[in-house]
Amino acid sequence: MKKAWQIVLLVCSLVLLTVALPEVHAWEDGCSRPRVSVSGAVVDEADFREYLKGQYPHRSWESLWQEIRATVLEELRENSPQVDFVEDGSGCDYSFSYTLSLIAAGEDIEVAGVLEGEYTAVFMSSKLVQNNACGFPGSVLGVSVVRDDPDVFRTIERNIDRYGSLKDRILEYERTHRVPPRGPVMEFALGKPYVSPKLDEREMDIRVRVKNCQGELVFDRHHGQVVIFPRRTERGELHPTKGFPQDFVVTENLVLLEITGEEGGSVTYTLKEGLEPGFDLFQAKTCGIDMVRVQDVLPPVPIAGVTLEVEPEEVYIAPGASTALEVRLFQVTPDGAHVPLEGEVVTIEAKGLVDGSLKPQGEVRTDAWGRIRLMYQAGVQEEGVEVIARYQPREYPDAVEERTSVALVEEPACWRGTVDITVDLSYREAKESDPTECGRDESELTTKLHAHIRGELLLQPGQPETILSQDFSGTYEATIKTFHESCVTTCRRKGGRGEVPVRPGSWESSETRVRGTLSDRDFRVSASVVVDRKTGQYRFSCGFRGLVWKGFSEVLSRYHDVCTGETRETSTASLETELDRFEMSSGEIQGVTPDLKVVKGEKVVEYPLYTGTVKYAWDFQRIPCGE
């Protein structure tokens with residue numbers, strides 16, 4: 001229980017250090033320079049003032065106290081020039097505190113029967129203490145006591161001289177006490193190539209080791225180095241690896257590992273949702289003497305997905321005829337490879353059957369090539385069949401479903417015409433600060449895309465669409481803006497004492513711009529036309545696949561330091577990269593034609609999450625098959 005409270009205290013320290021992280025200076029070995037806060041106090045100040053007034057009758061107490069503090073800082077800096085000393089500074093690694101008072105010194109003298117000192121001297125005690133870093137109590141690195149000197153400045157000099165080099169003391173202490181470390185860096189290693197929705201492939205161990213700024217492993221048998229992971233990620237969940245030699249605490253939102261050996265720590269990632277391939281990226285945090293380190297867990301966890309395909313040999317058949325359909329189930333690895341899934345259960349369902357049949361139905365297992373072969377025997381009273389294939393991995397919440405249809409036609413119907421799709425969509429999301437909070441915290445996301453896709457197609461029963469001509473163009477823009485301004489920033493003013501708060505404080509902003517154009521990966525325009533000769537009604541659907549947005553991203557960051565009044569600006573740009581797939585389908589559109597040889601129309605679709613529309617236009621004429 002005691003250890004659990006220590007780790008909880010560490011979490012609080014991490015949060016505080018994240019908010020107020022001290023500036024890091026280069027040291028001679030590549031590590032940050034130690035920062036030491038210096039503070040002093042006087043015991044029985046009234047007597048001490050009177051004593052100094054007797055020695056320095058023409059100087060004020062304020063002047064003398066300022067010189068005393070300056071002398072302490074000067075002596076410390078002279079003895080240890082490789083250490084940064086800050087008077088009453090915050091966010092420092094160590095604290096140097098001293099106390100001044102008066103004592104009776106010299107030989108004892110009897111006055112009126114009472115022993116008194118021969119003279120009055122200045123007494124000074126001081127100590128160097130590591131600050132409470134990462135939840136660990138501060139340790140005393142050295143203590144010095146000087147007495148019997150009447151001069152306060154000689155007392156200070158003698159007291160500090162007894163320490164020698166504070167740098168050497170600090171180096172030796174950090175060498176023998178590696179937890180918490182200076183300049184911590186985490187290293188991660190994944191235990192498997194990837195995870196997947198399959199029951200026996202959902203878990204992966206992730207090893208983490210922490211090194212200090214000198215590249216040495218950081219651990220301690222008694223109070224190990226803590227590394228904090230999120231309990232839940234975008235698609236998974238983390239928990240301490242069973243049987244791994246480490247201490248840990250698990251809360252509702254965090255997994256805290258305490259590294260007690262050179263083998264490091266280990267968490268187990270479990271995939272919990274999603275069937276698409278990709279990567280799960282999340283962060284881990286660890287604490288050091290001088291900083292809190294937050295890192296992406298790299299490489300991110302690779303996730304293999306699942307894809308299901310249902311394809312008929314013929315999509316149009318005559319009443320009473322038959323055709324085969326093939327169901328294919330694949331695992332898609334993060335690098336895009338398709339691996340057949342053998343022996344998995346796929347549920348087959350048919351809709352639209354009247355006097356026809358589809359076999360098999362229900363739960364069917366895939367063969368060694370991840371396939372299931374179906375046979376549809378058409379009746380004479382139905383218009384066709386819709387085949388639904390559904391796969392849900394065992395003990396998994398998500399399922400993948402694919403559908404296809406076979407339509408019945410009395411005679412072959414071939415169509416030639418054009419599909420024209422115009423996409424104009426935009427999206428905006430803004431976030432404003434809570435007026436009850438101090439400072440400002442704003443963000444904004446806007447996207448805008450325009451695309452035009454056109455294809456001239458030849459549609460023939462039982463055959464894939466033939467693209468006679470094709471054309472596409474499009475532009476994509478996205479802007480992500482963030483702004484944050486602190487409530488208050490403490491600044492050291494020139495000529496002033498200590499630090500003063502400035503409101504409002506420093507601010508920082510960033511703007512990410514993404515621009516892309518359409519590019520062909522495996523461009524396909526598809527369409528289908530089915531006409532009911534009895535009513536003149538038709539069903540039309542169209543869509544496209546195989547296009548991707550390719551483009552560039554640019555990140556512009558600004559930081560304004562209210563203390564110096566300086567604004568720093570950085571800008572980075574990426575190389576051309578693939579941004580996202582771009583696919584759309586109209587779904588089934590119903591219409592009526594007075595001329596059974598012409599199917600023509602247009603439809604505008606509005607999307608609830610976007611501003612804008614997708615316009616589908618089609619113009620097909622029936623032609624003799626074989627032309």
Side-chain angles (χ1 to χ4, degrees), residues 194 196 234-235 274-281 299-311 328 330-339 400-402 418-429 445-457 464-480 512-528 541-555 572-587 605 607 609-617:
Y194 55 78
S196 83
E234 183 176 358
R235 292 183 58 179
L275 292 167
E276 67 278 5
F279 297 88
D280 199 350
L281 178 63
V301 175
I303 302 173
V306 175
T307 184
L308 184 64
E309 299 175 353
V310 185
E311 185 177 358
R328 295 183 290 269
F330 295 101
Q331 182 181 83
V332 185
T333 63
D335 59 1
H338 284 56
V339 181
V400 59
E401 183 177 283
E402 285 295 323
T418 59
V419 171
D420 197 287
I421 305 172
T422 304
V423 183
D424 283 291
L425 296 175
S426 63
Y427 174 77
R428 182 177 184 273
E429 177 181 307
L445 166 64
T446 59
T447 61
K448 181 180 180 181
L449 64 88
H450 167 78
H452 182 232
I453 295 91
R454 184 182 186 279
E456 184 180 6
L457 308 177
E465 299 91 337
T466 300
I467 301 178
L468 303 177
S469 65
Q470 62 185 39
D471 184 32
F472 63 86
S473 63
T475 57
Y476 169 84
E477 297 180 0
T479 303
I480 303 172
T512 303
R513 304 187 186 100
V514 182
R515 294 181 176 86
T517 57
L518 281 181
S519 180
D520 181 5
R521 176 188 283 173
D522 182 16
F523 180 52
R524 285 177 286 171
V525 179
S526 61
S528 68
S541 64
C542 67
F544 64 89
R545 301 178 64 183
L547 293 180
V548 295
W549 294 107
K550 282 190 176 182
F552 305 84
S553 63
E554 179 184 14
V555 181
T572 59
S574 71
L575 298 175
E576 185 178 37
T577 185
E578 182 175 308
L579 302 174
D580 198 1
R581 293 188 306 171
F582 187 53
E583 300 177 354
M584 281 195 173
S585 175
S586 66
V605 179
Y607 281 72
L609 296 179
Y610 291 87
T611 301
T613 60
V614 179
K615 178 181 178 182
Y616 299 92

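Residues F582 and V423 have side chains in contact (heavy-atom distance under 4.5 Å, counting atoms from C-beta outward). The side-chain heavy atoms of V400 and T307, taken from C-beta on, include no pair separated by under 4.5 Å. Residues L518 and W549 form a side-chain contact, since some pair of their non-hydrogen atoms from C-beta on lies under 4.5 Å apart. In this structure, the side chains of Q470 and I453 stay at 4.5 Å or more apart for every pair of heavy atoms.
The pair E276-R235 meets the salt-bridge criterion, since a charged nitrogen lies less than 4.0 angstrom from a carboxylate oxygen. Using a 4.0 Å cut-off between charged nitrogen and carboxylate oxygen, R524 and E465 do not count as a salt-bridge pair.
The structure places OH of Y476 at 7.5 Å from CG of L449, a figure rounded to the nearest 0.5 Å. Atom CZ of F544 and atom CZ of R454 lie 15.5 Å apart (nearest 0.5 Å). A distance of 4.0 Å separates CZ in R521 from CD in E578, rounded to the nearest 0.5 Å. Atom CD of E456 sits about 11.0 Å away from atom CD1 of I467, to the nearest 0.5 Å. Atom-to-atom distance recorded for K448:NZ and L425:CG is 11.5 Å, nearest 0.5 angstrom. For the atom pair OG1 of T447 and OH of Y427, the computed distance is 7.5 Å after rounding to the nearest 0.5 Å.
Closest approach of G587 to S541, counting heavy atoms only: O-CB, 3.3 Å. Closest of all the heavy-atom pairs between S574 and F552 is O-CD2, 3.4 Å. When every heavy atom of P277 is checked against every heavy atom of V332, the shortest pair comes out as CB-O, 3.6 Å. When all heavy atoms of S585 and Y616 are compared, the closest pair comes out as O-OH, 3.4 Å.
The main-chain N or O of V301 is never found under 3.5 Å from a side-chain atom of D280 such that the two would form a donor-acceptor pair. For the pair S519 (side chain) and V548 (backbone), a donor-acceptor distance under 3.5 Å is absent. In this structure, S426 contributes its side chain and T611 its backbone to a donor-acceptor pair below 3.5 Å. In terms of modelled atom types and a separation under 3.5 Å, the side chain of T422 and the main chain of K615 share no donor-acceptor contact.
Each of L457, L547, D471 was evaluated against V525; a single residue qualifies, L457, per the side-chain contact (heavy atoms from CB on, under 4.5 Å) test.
If you check the side chains of T333 and D335, you find a donor sitting under 3.5 Å from an acceptor.
Counted within 6.0 Å of CD on E309, heavy atoms from surrounding residues, nucleotides or ligands total more than 12; the atom is thus considered enclosed.
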